[in-house]
Amino acid sequence: MNNSTIGFIGYGNMAQAIAQGLVDAGVVHGHQIVACAAHYDKLEKNAAKLGVRPLHSAVEVAVAADVVIIAIKPYQIDSVIKPLAHELAKPGKLVVSIAAGWDLKKYQDLFATEDGESVESPDIHIQCTIPNTPMAVGKGVLVTESVNTLNEAETQTFEELFGSISLIERVDTAHMNVAMVIAGCAPAFTDMYIEALGDAGVQYGLQRATAYRLAAKMVEGVGALYMATGTHPGAMKDAVCSPGGTTIKGVAQLEKDGFRGSVIDAVDAIVG
């Protein structure tokens, strides 16, 4: 059990997924979490689910928390976070950003003074990340910028908190965006794949709930098999396809329909 107070500036779906994962994993209790959001009445309802303490402002969260998680929309960061620079720079504060498109250099520029000299940012210990929603069930991925301003103890705290609910994958700054798409956007693509398999199952008489369970567990199992063995996905595919068998017929049809190309095009649509 970690003794830190966790503070969310912004408490939308992703923040709630992280909070759910941390509490369910026994990393923190709900009462160790504080949060603020634009609409306090909605925040109260969402916070009550885990026993999270709702606060009225980002300043209150920054004061109360040991670990401050920036979970607002990227376009809001300039106006909401910059005024907190002095509070975030106080000893014992660890800042974790989960905002897409914001890396360490961008935060350092945000906290720079008008003459270009960064006064507060060297004292703000920050790690930029991009999470995904499966963190809610302890099966997430946290794309983590390889550069940060954390000290050794803060790095340990970061890994203790988030390593319990996700794979922490460190990526250089230049590739944070594409890594975000693969880990953070592709769950939606995978949801569509599971739904399509469910529809196919229903077409041939399976109950929808049964079809969804089969498809979802299959996706989970394939991922687990790769993580356990490191076998190339092509070799894993080949191992299921016997000569003249049923699976290779489906694989051939997917190839004809441009399955791989469609996946790559979806990534291109976001990154490009």
V96 reachable from V141 in the ILVMFWY side-chain graph, under 4.5 Å edges: no
Atom pair CD1 (I270) and CE (M180), whose distance is rounded to the nearest 0.5 Å: 7.0 Å
Under the 3.5 angstrom rule, does the side chain of K93 hit a backbone N or O of E87 as a donor-acceptor pair? no
Looking only at heavy atoms, what is the nearest atom pair of A211 and G201, with distance? CB-CA, 4.4 Å
In Å and rounded to the nearest 0.5 Å, what is the CD to OG1 distance from E169 to T129? 13.5 Å
Is there side-chain contact between V251 and C241, with heavy atoms separated by less than 4.5 Å? yes
Which pair of non-hydrogen atoms, one from E154 and one from T149, has the smallest distance, and what is that distance? OE1-O, 4.2 Å
Within the distance-only criterion (no hydrogens, no angle test), does the side chain of S166 pair as donor or acceptor with the backbone N or O of G163 below 3.5 angstrom? no
As a quick check of understanding, evaluate side chain to side chain contact (heavy atoms under 4.5 Å, CB included) for W102 and L110, giving each step before the final call. CA-CA 10 Å; W102 278 78; L110 176 71; 4.0 Å; yes
Hey, quick one: are L167 and V178 part of the same hydrophobic cluster, counting side-chain heavy atoms closer than 4.5 Å, chains of contacts allowed? no
What are the two closest non-hydrogen atoms of A179 and V171, and how far apart are they? CB-CG2, 4.1 Å
Do R53 and H31 have side chains that approach each other closer than 4.5 Å (heavy atoms only, starting at C-beta)? no
Can any side-chain N or O of Q127 pair as donor or acceptor with the backbone N or O of E145 at less than 3.5 Å? yes
How many angstroms lie between atom CG of D66 and atom CG of N3, to the nearest 0.5 angstrom? 9.5 Å
Ion pair present between E220 and R213, side-chain N to carboxylate O less than 4.0 angstrom? no
Could you give me the CA-CA distance, side-chain angles and deciding distance for L88 and V68, then say whether side chain to side chain contact (heavy atoms under 4.5 Å, CB included) is met? CA-CA 8 Å; L88 297 178; V68 178; 4.1 Å; yes
Take atom NE2 in H175; do more than 12 heavy atoms of anything else shown fall under 6.0 Å from it? no
Hey, are D41 and K45 close enough for a salt bridge, meaning a charged N less than 4.0 Å from a carboxylate O? no
Going by atom types only, do S97 and Y107 share a side-chain donor-acceptor pair under 3.5 Å? yes
Taking atom types as modelled and ignoring hydrogens, do the side chains of Q253 and D257 form a donor-acceptor contact shorter than 3.5 angstrom? yes
Matching residue for F8 among V34, I69, V67 - test: side-chain contact (heavy atoms from CB on, under 4.5 Å): I69
Would you say the side chains of Q32 and T5 form a donor-acceptor pair under 3.5 Å? no
From CA spacing to verdict: side chain to side chain contact (heavy atoms under 4.5 Å, CB included), L150, T157: CA-CA 10 Å; L150 307 189; T157 297; over 6 Å; no
Verify whether one side chain among Q156 and E160 offers a donor that lies under 3.5 Å from an acceptor in the other. yes
So V95 and I124, do their side chains get closer than 4.5 Å, heavy atoms only? yes
Could you grab the distance from atom CE of M135 to atom OG of S164, nearest 0.5 Å is fine? 8.0 Å
To the nearest 0.5 Å, tell me how far D199 CG sits from E195 CD. 5.5 Å
Polar side-chain atom of S4 near backbone of I6 as donor-acceptor pair, under 3.5 Å: no
For T173 and V147, indicate whether the former's side chain and the latter's backbone hold a donor-acceptor pair under 3.5 Å. no
With a 3.5 Å distance limit and no angle check, can you tell me whether T210 reaches the backbone of L206 through a side-chain donor-acceptor pair? no
For P54 and E44, work out which heavy atoms get closest and say how close. CG-CG, 4.2 Å
If every non-hydrogen atom of A58 is compared with every non-hydrogen atom of L84, which pair is closest and at what distance? CB-CD1, 3.9 Å
Are F162 and F158 close enough, and set up right, to give a ring-ring contact (aromatic ring centres under 6.0 Å, His included), and what steps lead you there? CA-CA 6 Å; F162 293 100; F158 173 81; 5.2 Å; yes
Hey, is CZ on F189 packed in by over 12 heavy atoms from elsewhere, all under 6.0 Å? yes
Quick one: sort the H56 and Y40 rings into parallel, tilted or perpendicular, breaks at 30° and 60°. parallel
Start with the C-alpha gap between R170 and E159, add the side-chain angles, then the distance that decides, and say whether salt bridge (Lys or Arg N to Asp or Glu O under 4.0 Å) holds. CA-CA 12 Å; R170 299 190 182 275; E159 292 179 350; 3.1 Å; yes
Heavy-atom pair of closest approach, residues I165 and A25: CG2-CB, 3.9 Å
Evaluate side chain to side chain contact (heavy atoms under 4.5 Å, CB included) for I194 paired with V219, printing each intermediate quantity in order. CA-CA 8 Å; I194 290 172; V219 169; 4.1 Å; yes
Do the non-hydrogen side-chain atoms of S242 and I248 ever get within less than 4.5 Å of each other? no
Could you measure the distance from the NE2 atom of H29 to the CG atom of L50? Nearest 0.5 Å is fine. 13.0 Å
According to a 4.5 Å side-chain heavy-atom criterion applied to Ile, Leu, Val, Met, Phe, Trp and Tyr, with indirect links allowed, do I126 and I130 form part of one hydrophobic cluster? no
Taking side chain as C-beta onward, heavy atoms only, is I77 less than 4.5 Å from I72? yes
So if you build clusters from Ile, Leu, Val, Met, Phe, Trp, Tyr with side-chain heavy-atom gaps below 4.5 Å, do L161 and I98 land together? yes
Heavy atoms from other residues, nucleotides or ligands near CG of N151 exceed 12 (cutoff 6.0 Å): yes
Are any of the side-chain heavy atoms of V222 and M236 separated by less than 4.5 Å? yes
Is there a donor-acceptor pair under 3.5 Å between the side chain of T144 and the backbone N or O of L142? yes
Are any non-hydrogen side-chain atoms of Y11 and C36 less than 4.5 angstrom apart? no
Linking I/L/V/M/F/W/Y whenever their side-chain heavy atoms sit closer than 4.5 Å, directly or via other members, would M218 and Y226 fall into one cluster? yes
